[in-house]
Amino acid sequence: MENIDKYLEKIEKMREELNEITLEILKRSDDENVSITDLEDKIKGLKEEIKRLKKLKKQQEKMEELLEKKEDIIKEIQRTKEKHTKRRHKRKH
């Protein structure tokens, strides 16, 4: 999960940098023939990537919760089995 967080931060930083570059280009004259549309497309792509990574992070958190619950369920089953086994053993004596 740490890798996702680091990648998410990196993407966010890149998006901010692209926003700054876009603002700088808008300040310059139109004589430079710079494609603002290309930059806007890159920013849009980064925003979509951020959304995808956030969803992935949520899914990972849900999976971790399920794994924790799985361990608890297994322990509960083992306790129940042990209780049942002890009861059967007592009945035989």
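Keep in mind that the numbers below use all heavy atoms, side chains included, and drop hydrogens, waters and symmetry copies.
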Which of these passes side-chain contact (heavy atoms from CB on, under 4.5 Å) with K10: M14, K13, K6?
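Looking at M14, K13, K6, the match for K10 under the side-chain contact (heavy atoms from CB on, under 4.5 Å) is M14.
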Could you list who else is in L66's hydrophobic cluster, with ILVMFWY side chains joined at under 4.5 Å, directly or through other members?
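M63, listed by chain and number.
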For [X], give me all partners under side chain to side chain contact (heavy atoms under 4.5 Å, CB included), at least two apart in sequence or on another chain.
{"X": "K54", "answer": "L8, I50"}
{"X": "E76", "answer": "R79, T80"}
{"X": "I77", "answer": "I73"}
{"X": "K47", "answer": "R15, I43"}

Separation between [atom1] of [X] and [atom2] of [Y], rounded to the nearest 0.5 Å:
{"X": "L53", "Y": "E9", "atom1": "CG", "atom2": "CD", "value": "11.5 Å"}
{"X": "K81", "Y": "Q78", "atom1": "NZ", "atom2": "CD", "value": "8.0 Å"}
{"X": "E61", "Y": "L56", "atom1": "CD", "atom2": "CG", "value": "10.0 Å"}
{"X": "E17", "Y": "E12", "atom1": "CD", "atom2": "CD", "value": "11.0 Å"}

Checking E49 now: which residues fulfil side chain to side chain donor-acceptor pair (under 3.5 Å) with it, not counting sequence neighbours?
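Per chain and number, E49 pairs via side chain to side chain donor-acceptor pair (under 3.5 Å) with R52.
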